[in-house]
Novice: 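I have a structure here, written as structure tokens, and I will follow up with some questions on it.
Residue numbers run from 1 in the order of the sequence given. Both counts, for ligands and for their atoms, begin at 1 and track the order of listing.
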Amino acid sequence: MAMSKSQLARQLRGHVELLAAGGVRELPVAAKSPPPCKTPPKRQPPARTKAQTTPAAGFKPVIVPSQAMAELKDFHSGVARALEPLAEQVRVCANCRLCETRTQTVFGAGDPRSPLMIVGEAPGGDEDAKGLPFVGRAGKLLTDIIEKGMKYSRDHVYIANVLKCRPPNNRNPEPEEIEACRGYLQQQIDLINPKVILAVGLFPAQWLTGQKLPIGKLRGQVFELNGRKVIATYHPAYVLRNYTVETRKKVHEDVLLAVGILGPGPLIKD
Ligand code: URA
């Protein structure tokens, strides 16, 4: 039977008087959370805060077949075989909230035997739709940079991104998204083992050099990363927005630093 308020107050007073008689002089302030239940409450999926980047965060990933996997199957090289399980991990990845809004993951593309790896920022709308990196307008300019500027074949270069999933509306990657994806790019670099890495844009430039400087300060020089050379330059999308002779000249100078190390093409001699 339910107790009335006055009955409850009486009972409470009696309880407090009993405690006082027993020498209790202070009572703890009531806890804000409800008292513990006998059976532990069902675990609620944790709130999706920005900081949560592990699969335990309970994100609901979009999982579809991977373009990269199909391409890797066509390469009959040991590196391609070694990349397959990594591409599979990326395909089903739920490390951050981007897994919920992607159409598909964009692992990377190109020849995994390449001595040149190009690292961009993150898939955009076209890449998210096709599952391949740099296939939109910025990608077309990147192809020109590789083929007309460096005189290499794009097919001979391996291209990947810092993030494997598209940030909604092509916003900048969040630091926790970069961290959630870090291991994938690191393993791609370790397996492909390129001689030179060209970072296109601020986020890959900072990722690869470990320096939190503006891209204008990072470009134009050669860094060392575990015995590999790293060169940073402006992102093709930035070049398209600032299509001046000056910007294009700087990109050309930067990519020629890479050509100076790699030598003239072809990059892969079959
Ligand atoms: N911009 C990038 O940084 N990467 C892509 O794959 C496409 C556009």
Side-chain angles (χ1 to χ4, degrees), residues 62 64 66-72 83 86-87 90-91 93 96 98-99 101-112 114 116-147 149-150 154-175 177-182 184-186 188-189 192 194 196-209 214-216 218-219 230-243 247-248 250-251 254-255 258:
V62 173
V64 297
S66 139
Q67 290 300 321
M69 194 64 88
E71 197 190 77
L72 285 171
L83 282 168
L86 187 60
V90 168
R91 185 178 79 87
C93 180
C96 82
L98 296 183
C99 70
T101 49
R102 70 189 177 210
T103 302
Q104 57 193 310
T105 58
V106 178
F107 179 71
D111 199 317
S114 183
L116 173 62
M117 189 164 167
I118 297 184
V119 179
E121 182 176 304
D126 294 309
E127 292 75 22
D128 175 73
K130 297 213 171 110
L132 295 167
F134 282 103
V135 289
R137 264 187 87 218
K140 188 169 176 328
L141 178 56
L142 184 65
T143 306
D144 284 350
I145 292 169
I146 297 168
E147 304 211 327
M150 305 174 91
R154 173 168 166 154
D155 291 346
H156 286 183
V157 180
Y158 192 85
I159 305 177
N161 282 305
V162 168
L163 295 191
K164 310 303 184 208
C165 297
R166 181 193 185 197
N169 305 315
N170 302 340
R171 64 157 168 76
N172 283 341
E174 298 282 354
E177 291 160 0
I178 294 175
E179 286 318 304
C181 240
R182 180 174 292 279
Y184 298 137
L185 180 58
Q186 188 58 62
Q188 281 175 303
I189 295 170
I192 293 162
V196 175
I197 308 176
L198 179 68
V200 293
L202 176 69
F203 293 95
Q206 292 189 341
W207 195 110
L208 287 156
T209 63
I215 185 69
L218 293 172
R219 61 153 296 274
V230 171
I231 295 156
T233 194
Y234 294 112
H235 193 285
Y238 172 85
V239 180
L240 288 172
R241 289 195 304 273
N242 301 273
Y243 206 70
T247 312
R248 283 183 288 156
K250 283 180 182 166
V251 172
D254 296 337
V255 300

Novice: Between Pro123 and Asn161, which heavy-atom pair has the shortest distance, and what is it?
Specialist: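 For Pro123 versus Asn161, the nearest heavy atoms are N-ND2, 3.9 Å.
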
Novice: Please name the pair of heavy atoms, one in Leu163 and one in Glu177, separated by the smallest distance, quoted to 0.1 Å.
Specialist: CD2-O, 3.4 Å

Novice: Which residue, Asn172, Ile178, Leu202, forms the side-chain contact (heavy atoms from CB on, under 4.5 Å) with Glu121?
Specialist: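 With Glu121 as partner, side-chain contact (heavy atoms from CB on, under 4.5 Å) holds for just one option, Asn172.
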
Novice: Of all heavy-atom pairs between Gly120 and Val200, which one has the smallest distance, and what is that distance?
Specialist: CA-CG2, 3.7 Å

Novice: Please collect all salt bridge (Lys or Arg N to Asp or Glu O under 4.0 Å) contacts where either partner lies in residues 101-111, sequence neighbours excluded, each pair once.
Specialist: Asp111-Arg113

Novice: Does Arg91 count as lying over the ring of Phe107, i.e. NZ or CZ under 6.0 Å from the six-ring centre, within 45 degrees of the axis?
Specialist: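 Here Arg91 fails the 6.0 Å and 45° test against Phe107.
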
Novice: Near ligand 1, which protein residues have a heavy atom under 4.0 Å away?
Specialist: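 Residue list for ligand 1: Gly120, Glu121, Ala122, Glu127, Pro133, Phe134, Asn161, His235.
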
